Amino acid sequence: MTKQKFSLIALIIVCITSFSILLSLGSEIYREAPPIPEKVVTSTGEVIFTKEDIQNGQLVWRSMGGHQLGSIWGHGSYVAPDWTADWLHRESTLWLDKAAIEQFSVQFEQLASYQQATLEILLREDMRSNRFDANNNILVISTRRAEVISTLQNYYSNLFGDNPDFQPIREDYAMKENTISSAEHRRKLSAFFFWGAWAAVTERPGENYTYTNNWPHDPVIGNTPTSDNIFWSILSMVLLIAAVGALAWYHASLKEHPLPNVSTKDPLFDVKATPSQKALIKYFATAVGLFLLQILLGGITAHYAVEGQTFYGYPLAEILPYSLTRTWHTQLAVFWIATAWLGTGLYIAPALSGHEPKYQKLGVNILWVALVIVVLGSMAGEWFAIQQYFDLDLSYWVGHQGQEYIDLGRIWQILLFSGLLIWLTLVTAAIKPALTKESEMKSVIWVLYASCIAIGLFYGVGFLQGKHTNLAIAEYWRWWVVHLWVEGFFETFATSVIALVFVRLGLIRAQSANSAVLFATVVFLTGGILGTLHHVYFTGTPTSVVAWGAMFSALEVVPLALIGFEAIETYRMRKATSWMVRYKWAFMFFVATAFWNLVGAGVLGFLINPPIALYYIQGLNTTATHAHAAFMGVYGMLGIGLMLTCLRGVTSQFSVWDDKLLKWCFWSLNIGLAGMVFMSLLPVGIIQFIASVEHSYWYARSSEIIHSELVEMFVWLRVPGDILFGMGGLFLAAFFARLIIGEIKNSTKRAPSVVS
C-alpha cells in the first residue's frame, strides 16, 4: 500500500470515527441537559417563574445582543459581568444577609467566623440541593430563596432599564440606557438568568457536582474544581508531550524529496485569466473594505472598556452601543475573511481544471450581490434589534440571534447558507474536470474539493438550534459552526490551496505536496473534530465531554508544535528564483500565518484548553488574547496572502504592484497585532486569572477588577498597537486602490478607439 493511499484511508477512518463519537456525545448532551421546568414554585406553592418566562427570557437576552453584552456560562463578551456568576454571587450574598438578620439580628459580615461558616453550610444545602421533580416537571425552591429572587428581579429590572441611580453601573458595564425598554421583558430576562444560575449551582441527580461541572468558581456556594476536571487535565498534558514527541520523531525520519528545478519563467505570468476570475477583483476589494470597517469598530469597542457609554466624551452609545459594535466587529471578521477565501476557491477551481463553465461569470457576480445584501441587511437588522424596535419573534428572524459568530437573524442566516450553496455549485462546475482527470495532484485536489463541500454544508449545522432550544444544546451546535466550519474545514481548504499554488509555481514536487497535505489533514482532524468539545466543558454538558474534550483538544496543538519548519521552508521559497519577487509579500503573509498558528493557536490556545485552566479563565481576556492572535493572525493573514496570490494571477500583466505598500502593510499589521495582544489583552487576562483563582470568577469579571487603575492602564496601552494595526489596514486599502486604478487605466489604453 502506498503512503498516499494509507493516509487517505486513515483520513476517512478519522472522520467517520470522530464524527460518530461527537454525535454520540451530542445525544448524551440532549439527554442530560439542565431541565427547563414547567413551573418554578415555592414550598408553599407560589409560582415564581414558568417555562414560558424562561424561554421568552432567553429571547429577550438574544434581542439585546446576547453574547455581545456580558456572558452566560462564560461565553460572550468581557466588559459586562458573566450574568450566571453575577446572579449567583448576588443571590448568595443576599441569602446570607437575610439569614444572619433573621437568626442573629446583624449583617453577615458582623458575625463571628464560626457563625458565618454555619450559615454558609446552610446556604449550600439550600442552593445546591436538586429539588426538580422530573415526574411533574416542577422545580421547588425555599421561601427564603424566593424572597432573594424577588430582590434580584428588581435589581436587574433597574439595571437593564433607565433608573438614573444605576447609570454609573451601566457605564461600567458598557450598557446603553434603557437596554431593554419593556418592563415585562426585563422580568422575563431575570427568569432566564435565574435558570442559568440554577443549573450552575444545582447538583446533578446522584452526583456531587452541578450541571455545569461546578463552574463558575465560587467557594462560597461550593463551586470548586471537580476531580474529573483535574484528572483529565493532567492526562491531556501527558498525551500532548507524548504526541509531540512522536510527531517530532516522525518528522525526523522523513526522507526529504529534492526540490524541483525551478522554472526560469513565472508559470502564472503568461496564463490568461478567465472572465470569472477577473470578476473576483470586487470580492477582494469588498473583503478589504469590510476589513477596514472591522478595524474601526474594533477600536470603538475596545474604547468602551474605559468609557462605557461615550467615545472621548461623545455619547456614541445612544447610536452605536457596545453590544452592537462588538456584534459587527466579530461578524465582519467572519465576513471579510470568508469573502477572501471564497474568492480564492472561485479562482483556484478553473485554474486547476483549465475549464470555464458557461455562465460562471454571471454566477460569480450574482453571488457577490447576494453577499453584499446579506452583510448590509444583517447589520441593519442587528441595529434595529438592539435598539429594541422589533418584537421578540421579529428580532429572532431578521434582527439578532444573540449567539456569538451566528448573531445575524435567522432569515439572513438562511440567505448566507444559500449563498454558500451557490458558491459550492460554482466551484463544483469549474473543478469537475480536474476531479476526473488523472494527475499527480489528484489527492490534494480531492481534499480541496472535500473541504469545499464541508464549507458549503457545515454552516447549515447552525439551523439545528432554534428559538427556544435549551442553551446547553444550542451551544453544542453553535460550536460545530464556529470550531468545525471556521477553524476546521477552512484550515483544510487553506492547506490544500497553498500546496497547489506551490506546485503550480514549481516550488515543490507534487509527490511531496500530496503526502504532506494528506498527512497534515489526518493529524489536524484527529484532534480538531473532537477538540470541538473543549468549548463546551461547562455549558450544561456531562462529565464525559470533559474527558473527550481534554484529550483531543490537547492533540489539536500537536501539529502546531512543528509549524516553525513550515514557516522556515516557506520563507526560503520566496527567493527560489528571480521572478519569485512578485510573490514575496504573499509568501510573507503565509510565513506570518505559520508564526501566529504556533503562537496564537498553539501557545495561547493551549493556555485555555485544559479543563483546569479553562475552569478559572473561561470568558476572561485570556480568551480574547487567543481569539485575536489566532483568528486574525492565522485566518486573517492567510486570507490576505491568498488574495495577493490570486491577484497576481488576475492582474500580473497590467497592474501597478506596489511592494513598498505591501511591506508597510505586512509589518504594521503584525507588529500592531503583537502590540494589542502582548501589551494589553494578555496582561489584563493574567490579572483576571489571578483574581479568579485567589477569590472567585465573579470577582475577576467585576468592575472592581475591570475598572481598576492597573487594568485600565493596560487597556490604554492597547492604543499604540491598535493605531499601528489600523495603519496596516490603510496600507492594504491603498495598495488595492492603486492596483484597481492601474487596471482601469490599462484597460482604457487597450480599448479600441471609435472614429465618428
Side-chain angles (χ1 to χ4, degrees), residues 33-61 72 83-105 107-108 118-161 163 166 180 182-205 210-212 218 220-223 392 468 470-472 540:
I36 302 177
E38 288 292 336
K39 294 179 183 178
V40 179
V41 301
T42 66
S43 52
T44 60
E46 179 188 356
V47 177
I48 306 299
F49 298 121
T50 65
K51 183 175 185 178
E52 183 182 6
D53 290 335
I54 295 169
Q55 290 184 327
N56 283 335
Q58 184 172 355
L59 279 183
V60 174
W61 170 74
I72 296 285
W83 303 114
T84 308
D86 188 67
W87 178 290
L88 288 173
H89 169 65
R90 293 181 185 281
E91 183 180 358
S92 61
T93 301
L94 289 169
W95 193 101
L96 289 169
D97 276 339
K98 181 175 281 293
I101 290 171
E102 289 174 0
Q103 294 188 32
F104 303 104
S105 299
Q107 294 287 328
F108 178 76
T118 300
L119 290 185
E120 286 178 349
I121 291 172
L122 294 175
L123 167 74
R124 290 192 281 273
E125 287 180 355
D126 189 13
M127 293 184 69
R128 296 183 70 85
S129 297
N130 195 332
R131 298 187 179 94
F132 174 71
D133 184 345
N135 294 323
N136 298 318
N137 204 15
I138 291 176
L139 171 62
V140 180
I141 61 174
S142 68
T143 303
R144 180 181 292 161
R145 197 172 182 188
E147 292 171 355
V148 169
I149 289 171
S150 178
T151 303
L152 284 174
Q153 279 186 288
N154 186 58
Y155 168 80
Y156 286 109
S157 182
N158 285 320
L159 177 63
F160 285 88
N163 187 318
F166 285 73
I180 299 171
S182 165
E184 178 63 16
H185 285 177
R186 294 197 293 270
R187 190 190 74 82
K188 290 181 177 180
L189 177 67
S190 65
F192 174 61
F193 283 176
F194 161 77
W195 175 80
W198 173 81
V201 75
T202 302
E203 293 179 354
R204 286 183 178 274
T210 71
Y211 285 101
T212 58
D218 191 342
V220 172
I221 59 175
N223 273 10
L392 295 183
H468 295 304
N470 187 302
L471 188 61

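Just the heavy atoms: all of them, side chains too, but no hydrogens, waters or symmetry mates, feed the values below. Please read these numbers as outputs of a predicted model, since none were measured by experiment.
Residues meeting the side chain to side chain donor-acceptor pair (under 3.5 Å) test with Ser92, sequence neighbours left out: none. Qualifying ring pair (Phe, Tyr, Trp, His ring centres under 6.0 Å) partners for Tyr155, counting only residues two or more places apart in sequence or in other chains: Phe166. By the salt bridge (charged side-chain N to carboxylate O under 4.0 Å, His left out) test, Arg186 pairs with no residue at all, sequence neighbours left out. With sequence neighbours excluded, the residues forming a side chain to side chain donor-acceptor pair (under 3.5 Å) with Asp133 are Asn136, listed by chain and number. Every residue meeting the side chain to side chain donor-acceptor pair (under 3.5 Å) condition with Trp198, not counting sequence neighbours, appears here in chain and number order: Thr202.
The two atoms that bring Ala99 and Leu119 nearest to each other are CB-CD2, 4.1 Å, heavy atoms only. The two residues Trp195 and Pro35 have their closest heavy-atom pair at NE1-O, 2.9 Å. For the residue pair Leu59 and His468, the shortest heavy atom distance occurs at CD1-CE1, 3.6 Å. For the residue pair Gly540 and Pro34, the shortest heavy atom distance occurs at O-CD, 3.5 Å. Pairing each heavy atom of Thr84 with each of Ala197, the nearest pair is CG2-CA, 3.9 Å. Ser43 approaches Thr143 most closely through the heavy-atom pair OG-OG1, 3.5 Å.
With contacts defined as side-chain heavy-atom distances shorter than 4.5 Å, the pair Tyr211/Pro205 qualifies. Side-chain contact between Asn223 and Met127 is absent, with no heavy atoms from C-beta onward closer than 4.5 Å. Residues Arg90 and Thr151 have side chains not in contact (no heavy-atom distance under 4.5 Å, counting atoms from C-beta outward). The shortest distance between side-chain heavy atoms of Gln107 and Ile101 falls below 4.5 Å. No side-chain heavy atom of Lys188 sits under 4.5 Å from any side-chain heavy atom of Trp61. Between Asp126 and Arg145, some side-chain heavy-atom pair lies under the 4.5 Å cut-off. The side-chain heavy atoms of Leu471 and Ile72, taken from C-beta on, include a pair separated by under 4.5 Å. Using a 4.5 Å heavy-atom cutoff, the side chains of Ile138 and Arg131 are not in contact.
Atom CD1 of Ile36 sits about 10.0 Å away from atom CD of Glu38, to the nearest 0.5 Å. Atoms CD1 and OG, from Ile48 and Ser190 in turn, are 10.5 Å apart once rounded to the nearest 0.5 Å. Annotation: the span from Gln55 atom CD to Leu392 atom CG amounts to 12.5 Å, rounded to 0.5 Å. Here the CD1-CH2 distance, from Ile149 to Trp95, works out to 13.0 Å after rounding to the nearest 0.5 Å. Residue Phe194 holds its CZ atom at 7.0 Å from CD1 of Ile54, rounded to the nearest 0.5 Å. To the nearest 0.5 Å, atom CG of residue Leu189 and atom CG of residue Leu159 are 9.5 Å apart.
A salt bridge links Glu184 with Arg187: the distance from a Lys NZ or Arg NE/NH1/NH2 to an Asp or Glu carboxylate oxygen falls below 4.0 Å.
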* To do: Decide yes or no on side chain to side chain contact (heavy atoms under 4.5 Å, CB included) for Gln153 and Phe49, but give the supporting numbers first.
  => CA-CA 11 Å; Gln153 279 186 288; Phe49 298 121; 3.5 Å; yes

* Report the C-alpha separation of Phe132 and Asn137 in whole Å, then their side-chain angles, then the decisive distance to 0.1 Å, and conclude whether the side chain to side chain contact (heavy atoms under 4.5 Å, CB included) test is met. => CA-CA 7 Å; Phe132 174 71; Asn137 204 15; 2.9 Å; yes

* Going through the distances and angles, do Glu91 and Asp86 end up as a side chain to side chain contact (heavy atoms under 4.5 Å, CB included)? -> CA-CA 8 Å; Glu91 183 180 358; Asp86 188 67; over 6 Å; no

* To do: Test side chain to side chain contact (heavy atoms under 4.5 Å, CB included) on Asp97 and Leu94 and set out the steps.
  => CA-CA 5 Å; Asp97 276 339; Leu94 289 169; 5.6 Å; no

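Donor-acceptor pairing under 3.5 Å is recorded for the side chains of Thr50 and Asp53.
Relative ring orientation between Trp87 and Tyr156 is described as parallel, the plane-to-plane angle staying below 30° on a 0-90° scale split at 30° and 60°.
Applying the salt bridge (Lys or Arg N to Asp or Glu O under 4.0 Å) test to residues at least two apart or on different chains, the pairs with a partner in residues 191-203 are Arg128-Glu203.
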